[in-house]
Chemist: 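First the structure, then my questions, so here it is.
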Amino acid sequence: MTELHLKSTKVYPYRRPSIDKGYANQSLHIDVGSDDIETRPVDERMKAVFVGGKGFDLWLLWQAVSEKTRWDSPENAICISSGPMGGTPAYPGSGKSIVTTISPLTGIPIDSNVGGYFGPYLKFAGFDALCVTGQAQGEKVVFIDGVEEKIEIFEAGGLAEDAYALSAALTDHFGQGKPVDISVVSTGAGARHTRWGCLNFSWYDTKRRRVRYKQAGRGGIGTVFAQKGIKALVVRWNQVSLETNAPADKKALRAVAKLHSKEIVALDPKQNRMAKVGTTHIVPIMNAHDCLPVHNFRYGSHPGGNNLGEETYEHIFDPGFDGCWRGCTVACSHGVRDFVPMTGPYQGQRVFVDGPEYETIAGCGSNLGIFDPYTVLELNFYCDAYGLDTISVGTGIAFVMECYEAGIIDSGHTEGLELHFGNRLAALELLHQMARGEGFGRIVGQGIRRMKQIFAERFGADAAMMADIGMESKGLEFSEYMTKESLAQQGGYGLALKGPQHDEAWLIFLDMVHNFMPTFDQKAEALHWFPMFRTWFSLCGLCKLPWNDIVPEDNRENPEPAKVVKHVQWYAEYFSAVTGRRVGPDDLITMSEKVYNFQRIFNLRMGGGRRVDDAIPYRAMGPVTEDEYLSRQERYDKQLVEVWQEPIDGLSTAEKVALLRRHREAQYEKLKDAVYQRRGWTADGIPTLATVRRLGIDFPEVAAVLQQHGVTE
Amino acid sequence: MVRVGDRLEIPWYSGMTVGELLDRVPEGRECAAVRVNGRIVARPNFHHTPVPEGAQVHLVPMIAGG
């Protein structure tokens with residue numbers, strides 16, 4: 001057992017409740033400033049309205065904060081919850097945790113859906129949700145021991161700074177010879193100096209005998225974690241079977257789980273092959289469709305793009321089972337053994353890298369003009385070790401590189417770093433600076449929204465140009481898909497509650513490739529149904545990959561193949577079997593609508609949540625520069641003539657860029673109108689009173705927020 | 001012959017492209033990518049990627065992923 005310098009400051013014994021139909025029926029509240037610990041009941045109304053997972057998190061967060069709370073206020077909470085199905089070992093993708101907090105990037109709630117064992121173990125230890133508030137003096141480790149039925153808080157000194165060494169030491173220390181019983185949540189040095197801090201959630205890989213990680217990446221949750229002085233959250237649990245979650249109908253659960261699991265085993269090897277290649281198969285497909293971000297989303301393809309795809313990484317990944325929860329047959333969490341970094345504190349040492357996935361490849365690879373798969377691995381490794389979000393790091397450095405190449409900033413501003421696209425050593429140095437809190441990296445780590453302000457105020461940079469090319473919305477950096485040719489996906493990003501992350505709606509192919517939704521009403525319907533169904537996974541503790549990344553062979557013969565309705569029906573049966581609440585597919589959408597609208601009103605309460613907040617940079621809609629236009633001139637000329645009947649003979653490229661922009665910006669506003677109407681919102685993007693009444697979320701505090709913002713009908 | 005999925009067999013001819021093959025498959029028009037003998041071919045490349053004789057082709061779902 002690793003000896004650590006931990007000083008116990010609080011011990012809280014408790015009686016672990018029996019799990020009942022997927023719920024422990026209580027939440028755990030810890031103030032790391034005062035060491036106060038309490039449990040609170042989870043009642044039937046909370047389950048009926050908020051279901052679990054993200055729903056529970058948002059409700060607890062709502063109660064913890066006020067409209068004056070900022071990300072670094074002591075009362076800001078980090079909430080973690082799995083959901084009623086979380087921890088089911090037989091059904092693929094059933095081990096997720098959902099984390100929320102008030103984001104240091106956006107000032108509104110952020111949510112992140114992450115693998116690893118923490119959420120399920122937390123529930124089995126007796127708590128549907130954990131809500132951590134306060135601000136510690138020094139650093140704290142919180143240990144939730146479901147086996148011994150006690151919670152202990154420690155002052156921690158001299159623990160490792162990076163996430164890998166820290167989680168390995170804590171797993172060894174608390175595991176008492178059974179490391180598989182432990183899951184650790186931690187961040188790293190980067191979280192202390194930037195707003196891009198992520199959380200690493202651990203799971204123990206018994207075959208490789210090492211701690212592995214998944215990341216709650218988006219929105220700076222790790223930054224809040226570090227600011228609170230939390231070194232780590234550790235949970236211990238020791239038995240997982242189909243019975244552990246106490247499903248209402250074990251026979252029905254076993255039957256539907258077997259159907260889905262068997263289908264994945266049969267079809268994944270023929271389709272996306274995620275059990276072998278993770279999500280790296282997406283890279284060549286996006287590259288071919290002009291949707292892989294290259295050079296800060298200027299272009300959608302590059303001859304080097306395929307170097308970063310499955311044909312490369314399949315040979316680099318360490319073969320073996322890589323499920324981030326037990327029994328998952330998708331098992332896509334691959335990693336690389338014996339990688340040797342060329343820079344930084346691990347230079348020359350053999351390390352294990354968890355990843356990369358598609359988003360990291362596109363963000364830290366093609367979007368930076370880096371097409372060397374090993375440099376992407378190194379950026380991936382250090383982002384995780386430093387507790388940094390690979391998506392925001394990728395999109396943020398891409399913005400800086402374009403600013404550098406366009407002469408908006410120069411080497412005087414970057415303190416000598418030559419941040420040309422493709423300069424992999426400069427990208428790595430910037431990352432190390434973020435971890436050390438030094439140099440230009442300290443500015444970059446504040447995120448694109450604040451960089452734009454700093455560059456304009458201190459360096460006299462062109463604010464209008466930066467507004468066009470800085471790929472953020474609501475303060476969050478875009479994830480890694482090109483949206484210029486998909487209006488629906490522009491909405492998928494711009495209308496997403498937390499900011500531009502693809503987990504709410506990913507409609508590029510349905511829209512751009514298949515043309516399934518040519519009208520505004522059809523796009524609005526898609527931007528209602530898909531975000532609602534995807535939200536449902538985060539209410540229940542589930543991963544969305546088994547839903548539509550492996551599809552039945554007869555999917556085309558079913559109505560609405562895009563929704564994969566056979567699987568939607570299976571999920572309704574799964575929910576019914578666990579909770580005992582008999583539901584059908586439409587009920588899943590209604591469950592999500594309650595939480596989705598509540599979150600929108602939460603945004604409003606915190607100063608966002610209006611039409612103006614759903615704005616996106618023009619780079620997401622069309623070509624900003626003449627070079628971009630000329631690179632796809634045939635496409636854009638054709639659209640101006642055929643779609644908008646514009647006579648373009650004699651127009652300069654600059655005039656055509658402006659004309660195209662006028663049409664595309666108008667389209668986006670029209671899309672907003674259609675979506676707001678479909679969702680039952682005002683023209684300003686606020687849920688109406690009738691909508692919240694219909695959904696049963698018209699609590700006095702919700703109605704009061706609407707009234708404060710002039711919504712009375 | 002070219003085998004599409006587990007059930008369908010399509011006669012092969014010299015010079016056959018992925019695009020021409022998928023014109024003969026009911027769900028071919030709704031497909032954004034395929035695997036030809038395990039390798040990914042995306043729709044923009046369908047009409048200039050040849051299909052080898054005896055190939056095994058699988059349709060890759062990419063309908064609402066990400």
Side-chain angles (χ1 to χ4, degrees), chain A residues 266-267 269-273 276-277 279-291 301 306 309-311 314 358-359 479-481 489 492 501-510 512-514 516 526 530 533-534 544-545 547-557 561-564, chain B:
Chain A
L267 298 182
K270 302 171 187 173
Q271 297 181 3
N272 289 335
R273 300 178 65 236
K276 295 277 186 203
V277 302
T279 53
T280 62
H281 65 285
I282 301 175
V283 177
I285 298 174
M286 291 298 125
N287 200 33
H289 281 94
D290 210 23
C291 290
S301 64
N306 291 346
E310 63 169 28
E311 291 190 13
E314 183 171 9
Y358 167 80
E359 297 290 333
S479 71
E480 309 300 337
Y481 294 99
Q489 188 56 32
Q501 170 74 354
H502 56 281
D503 63 350
E504 212 179 87
W506 195 91
L507 301 170
I508 296 179
F509 275 50
L510 295 179
M512 187 184 96
V513 178
H514 302 309
F516 277 4
F530 284 96
F533 192 56
R534 283 171 173 255
K544 83 98 205 164
L545 291 178
W547 161 47
N548 68 352
D549 283 73
I550 302 106
V551 304
E553 287 185 309
D554 62 354
N555 190 47
R556 187 177 169 274
E557 292 153 26
K563 294 181 178 174
V564 197
Chain B
M1 281 296 180
V2 177
R3 196 173 169 85
V4 180
D6 292 334
R7 289 174 285 190
L8 190 61
E9 290 198 331
I10 305 281
W12 179 86
Y13 55 84
S14 178
M16 176 189 239
T17 66
V18 173
E20 289 163 350
L21 170 70
L22 293 179
D23 286 342
R24 294 162 171 77
V25 175
E27 57 269 56
R29 288 179 184 280
E30 293 161 16
C31 180
V34 296
R35 288 191 183 278
V36 179
N37 292 335
R39 295 190 67 175
I40 288 274
V41 180
R43 181 190 284 251
N45 300 324
F46 283 174
H47 283 287
H48 49 85
T49 302
V51 181
E53 186 175 13
Q56 171 69 62
V57 175
H58 285 293
L59 309 186
V60 174
M62 181 61 71
I63 52 179

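Labels below follow one simple rule: chain letters A, B, ... track the order of the sequence lines, proteins then strands, and each chain is numbered from 1.
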Chemist: Residues of residues 5-22 of chain B under 4.5 Å from chain A (heavy atom pairs)?
Modeler: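 Checking residues 5-22 of chain B against chain A gives B:Asp6, B:Arg7.
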Chemist: Where on A:Glu311 is there a heavy atom nearer than 4.5 Å to chain B: the side chain, the backbone, both, or neither?
Modeler: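 For A:Glu311, the contact with chain B is made by the side chain alone.
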Chemist: With side-chain contact (heavy atoms from CB on, under 4.5 Å) as the test, pick out the partner of B:Val60 among A:Asp549, A:Val551, A:Asn272.
Modeler: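 That would be A:Asn272.
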Chemist: According to side chain to side chain contact (heavy atoms under 4.5 Å, CB included), who are the partners of B:Asn45, at least two apart in sequence or on a separate chain?
Modeler: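 Side chain to side chain contact (heavy atoms under 4.5 Å, CB included) check on B:Asn45 returns A:Ala288, B:Val41, B:His48, B:Thr49.
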Chemist: Would you give the length of the straight line joining atom CD of B:Glu27 to atom CG of A:Asn555, rounded to the nearest 0.5 angstrom?
Modeler: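 Nearest 0.5 Å value for the CD-CG distance: 10.0 Å.
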Chemist: Using salt bridge (charged side-chain N to carboxylate O under 4.0 Å, His left out), reason through B:Arg35 and A:Glu310 one step at a time and then give a plain yes or no.
Modeler: CA-CA 12 Å; B:Arg35 288 191 183 278; A:Glu310 63 169 28; 2.8 Å; yes
Chemist: For A:Gln489, enumerate each residue passing the side chain to side chain donor-acceptor pair (under 3.5 Å) test, keeping only those at least two apart in sequence or located in another chain.
Modeler: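 Partners of A:Gln489 under the side chain to side chain donor-acceptor pair (under 3.5 Å) test: none.
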Chemist: Would you compute the distance between atom NE2 of A:His514 and atom CZ of B:Arg43 and round it to the nearest 0.5 angstrom?
Modeler: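 Here the rounded value is 6.0 Å.
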Chemist: Looking only at non-hydrogen atoms, find the nearest pair between A:Val513 and B:Ala32 and report the distance.
Modeler: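 Closest heavy-atom pair between A:Val513 and B:Ala32: CG1-CB, 4.3 Å.
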Chemist: If you look at every heavy atom in B:Leu59 and A:Gln271, which pair is closest and at what distance?
Modeler: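 Taking every non-hydrogen atom into account, O-CG, 4.0 Å.
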Chemist: How about CZ on A:Arg556, more than 12 heavy atoms from neighbouring residues, nucleotides or ligands closer than 6.0 Å, or not?
Modeler: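 Correct, the count exceeds 12.
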Chemist: Can you list everything that forms a side chain to side chain contact (heavy atoms under 4.5 Å, CB included) with B:Pro50? Sequence neighbours excluded, please.
Modeler: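 Side chain to side chain contact (heavy atoms under 4.5 Å, CB included) list for B:Pro50, sorted by chain: empty.
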